[in-house]
J.: 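First the structure, then my questions, so here it is.
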Amino acid sequence: MPDEQMAGPGSAPVAPGTAPGAPGVPPVAPRPLDPIDRSIMRLLQADGRASIRSVAEQVHVSRANAYARINRLIDDGVIRGFTARVNHERAGQGASAYITLKIVQNSWRTVREQLRELPGAAHIALVSGDFDVLLLVHTPDNRTLRELVLTRLQAIPEVLSTRTLLVFEETDLLDAGSGPAGGPAIAEE
């Protein structure tokens, strides 16, 4: 990992099948995280492009220590990768919705694979309660959202019913200065 940037070549998630808990790899008990590890995670969530030097300075450890900790967090599967947080409206996806789905019992894996292929699908979760799946989608407009729900989702044989909840406004809690996650991230020791 280069000193100046952590995102980029070589910072991708660990290859499938090699991380603890991946298919074919026995699960390993998670290593406990100390306050410095947690501070590093919060910093990287706020800015995945932060330099090793910057992270080290902010958590008050050497660059070598910060580098080793970040690599351990990646190797342990705690940090799964580095991504860009997108303003969907500015990216031409002005309509967002959470869609709840009731599905045929024991069809989760099949449905999940079909949902992954949907344009604009951002998050998929198997949940408990009155419905089985929660899906977050971003689309250019309401017409495209309607087509996604009526044409694509309801055409999946294992989907028994859907309910669409339009998002009027959202706040990303990982944005700097927007609340608890954006506030002071460094644990004083």
Side-chain angles (χ1 to χ4, degrees), residues 6-27 30 41-42 44-49 73-74 76-182:
M6 289 189 295
S11 65
V14 177
T18 60
V25 177
M41 290 185 327
R42 282 192 298 270
L44 293 177
Q45 283 179 304
D47 181 6
R49 294 175 44 172
L73 291 168
I74 293 169
D76 287 354
V78 174
I79 294 176
R80 298 182 301 172
F82 299 88
T83 64
R85 289 193 317 274
V86 175
N87 179 323
H88 295 285
E89 195 167 339
R90 286 183 170 249
Q93 296 182 314
S96 296
Y98 286 96
I99 304 169
T100 65
L101 294 88
K102 287 186 182 181
I103 61 173
V104 172
Q105 188 172 2
N106 296 321
S107 66
W108 163 242
R109 287 176 183 81
T110 303
V111 171
R112 178 182 57 199
E113 295 311 310
Q114 293 177 70
L115 296 178
R116 282 182 172 167
E117 301 300 318
L118 290 175
H123 184 83
I124 305 165
L126 179 65
V127 297
S128 64
D130 294 336
F131 49 89
D132 304 306
V133 177
L134 183 62
L135 170 67
L136 172 61
V137 297
H138 304 288
T139 62
D141 51 39
N142 284 341
R143 180 182 307 255
T144 307
L145 176 61
R146 184 187 71 215
E147 289 302 312
L148 181 105
V149 173
L150 296 179
T151 306
R152 301 284 300 269
L153 276 177
Q154 293 182 359
I156 298 172
E158 297 84 2
V159 172
L160 302 173
S161 66
T162 64
R163 177 171 283 168
T164 303
L165 308 165
L166 291 177
V167 174
F168 294 129
E169 183 177 316
E170 58 187 322
T171 301
D172 186 350
L173 298 180
L174 296 177
D175 283 339
S178 66

J.: Against Leu118, only a single residue in Thr139, Leu135, Ile124 fulfils side chain to side chain contact (heavy atoms under 4.5 Å, CB included); can you say which?
T.: Leu135
J.: Do any pairs count as a side chain to side chain donor-acceptor pair (under 3.5 Å) and have a residue in residues 116-133, sequence neighbours left out, and if so which ones?
T.: Glu113-Arg116
J.: Is there a side-chain contact between Val133 and Ile99 in this structure, where contact means two heavy atoms from C-beta onward sitting under 4.5 Å apart?
T.: no
J.: Is any side-chain heavy atom of Asp76 less than 4.5 Å from a side-chain heavy atom of Pro30?
T.: no
J.: Does anything in residues 89-103 form a salt bridge (Lys or Arg N to Asp or Glu O under 4.0 Å)? List the pairs, not counting sequence neighbours.
T.: none
J.: Hey, could you give me the NE2/CG distance between His138 and Asn87, rounded to the nearest 0.5 Å?
T.: 10.5 Å
J.: Can you see which heavy atom on Ala121 is nearest to which on Leu115, and at what distance?
T.: CB-O, 3.6 Å
J.: Which pairs would a plain distance check flag for residues 154-164, meaning a side-chain donor or acceptor within less than 3.5 Å of a matching protein atom at least two apart in sequence or in another chain?
T.:
residue : atom : partner : partner atom : Å
Gln154  : NE2  : Thr162  : OG1          : 3.1
Glu158  : OE1  : Gln114  : NE2          : 3.4

J.: So, taking the atom named CD in Gln45 and the one named OG1 in Thr83, what distance separates them when rounded to the nearest 0.5 Å?
T.: 10.0 Å
J.: For the CG atom of Asn142 and the CD atom of Glu147, what is their distance to the nearest 0.5 Å?
T.: 12.0 Å
J.: Atom CZ of residue position Phe131 - does it have more than 12 heavy atoms of other residues, nucleotides or ligands inside 6.0 Å?
T.: yes
